Amino acid sequence: MDRIDRKLLAALQADSQSSLAQLADRVGLSSSACHRRMRALEESGAITGYGARVDASKIGLNLHALIDITLESQSREAMERFERATLDSTEILECYLISGVADYRLRIAAHDMADYDRLHRDCLARLPGVSTMHTSFVIRPIKAWNGYALG
């Protein structure tokens, strides 16, 4: 990956709706060369998809939580069962295997505390092999993820 690929990725992260001509102009390439590089970045897996950033509060998701999960067992089978269950849940936004006191950290969003209670009962409490669960509620975001630094 060279400097131009990094510029192209940075431009796409900033505005993935830019036309091919606009992207090419930003990175100093012809449209056809820019298109070839984009395809190569997609085929290599550097670009995994395109999407819109949605303001959670505009769709009524006003309660955000980080949940640290410790499993009863760290066997391969227990971890695979847990991971499959998180992948199958549309309400779990992110799941990370982490080091430290807990085994996993989940991120969820809910409309309000009643919705979180429903999500806790119907989703989180049903995850397989959970020994402990500690939830921290986000008071307010300070800096949201906005793409990787490619400079």
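Because the structure is a prediction, the values reported are computed rather than measured.
With rounding to the nearest 0.5 angstrom, the CD atom of Gln22 is 11.0 Å from the SG atom of Cys34. With values rounded to the nearest 0.5 angstrom, Leu119 atom CG is found 7.0 Å from Ser89 atom OG. For the atom pair OG1 of Thr48 and CD of Glu42, the computed distance is 10.0 Å after rounding to the nearest 0.5 Å. Taking CG of Asp68 as the reference point, atom OG of Ser136 lies at 6.5 Å (rounded to 0.5 Å). Interatomic distance, CZ of Arg107 versus CG of Leu66, reported as 8.0 Å (0.5 Å rounding).
Considering only heavy atoms from C-beta on, Leu41 comes within 4.5 Å of Met1 through its side chain. Leu71 has its side chain out of reach of Ser73: every pair of non-hydrogen atoms, C-beta onward, lies at least 4.5 Å apart. Annotation: side chain of Leu23 is in contact with side chain of Met38 (closest heavy-atom distance under 4.5 Å). With contacts defined as side-chain heavy-atom distances shorter than 4.5 Å, the pair Ile67/Thr135 qualifies. At least one side-chain heavy atom of Gln13 sits under 4.5 Å from a side-chain heavy atom of Leu150. Residues Arg37 and Lys7 are not in side-chain contact: their nearest non-hydrogen atoms beyond the backbone lie 4.5 Å or more apart. Using a 4.5 Å heavy-atom cutoff, the side chains of Leu63 and Met113 are in contact.
Residue Val27 is tested with Leu9, Leu8, Asp5, Leu12 for a side chain to side chain contact (heavy atoms under 4.5 Å, CB included); the sole match is Leu8.
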Residue pair Leu124, Leu106: steps toward the side chain to side chain contact (heavy atoms under 4.5 Å, CB included) verdict: CA-CA 10 Å; Leu124 299 174; Leu106 310 179; 3.9 Å; yes
Worked check of side chain to side chain contact (heavy atoms under 4.5 Å, CB included) between Asp103 and Met79: CA-CA 9 Å; Asp103 297 315; Met79 293 173 79; over 6 Å; no
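Under a cut-off of 6.0 angstrom, the local environment of CZ in Arg76 is sparse, with at most 12 non-hydrogen atoms contributed by other residues, nucleotides or ligands. Open room surrounds CD on Gln17; 12 or fewer heavy atoms of other groups in view lie less than 6.0 Å from it. Heavy atoms from other residues, nucleotides or ligands lying under 6.0 Å from CD1 of Ile59 number more than 12.
Heavy atoms only, all atoms of each residue included: Thr86 and Cys95 are closest at OG1-SG, 3.8 Å. Shortest non-hydrogen contact noted between Val138 and Pro141 is CG1-N, 4.2 Å.
Here the side chain of His111 pairs a donor or acceptor atom with the backbone of Gly60 at under 3.5 angstrom.
Hydrophobic clustering, with ILVMFWY side chains joined whenever heavy atoms are under 4.5 angstrom apart, keeps Phe137 apart from Leu61. Note on Ile98 and Leu93: separate hydrophobic clusters, where clusters join Ile, Leu, Val, Met, Phe, Trp and Tyr whose side-chain heavy atoms are under 4.5 Å apart, directly or indirectly.
Ring geometry for Tyr116 against His120 counts as tilted: the plane angle lies between 30° and 60°, on a 0 to 90° scale.
Within the structure, no pair that satisfies the ring pair (Phe, Tyr, Trp, His ring centres under 6.0 Å) test touches residues 34-73, not counting sequence neighbours. Identified under the ring pair (Phe, Tyr, Trp, His ring centres under 6.0 Å) test for residues 77-107, with sequence neighbours left out: Phe82-Tyr104.
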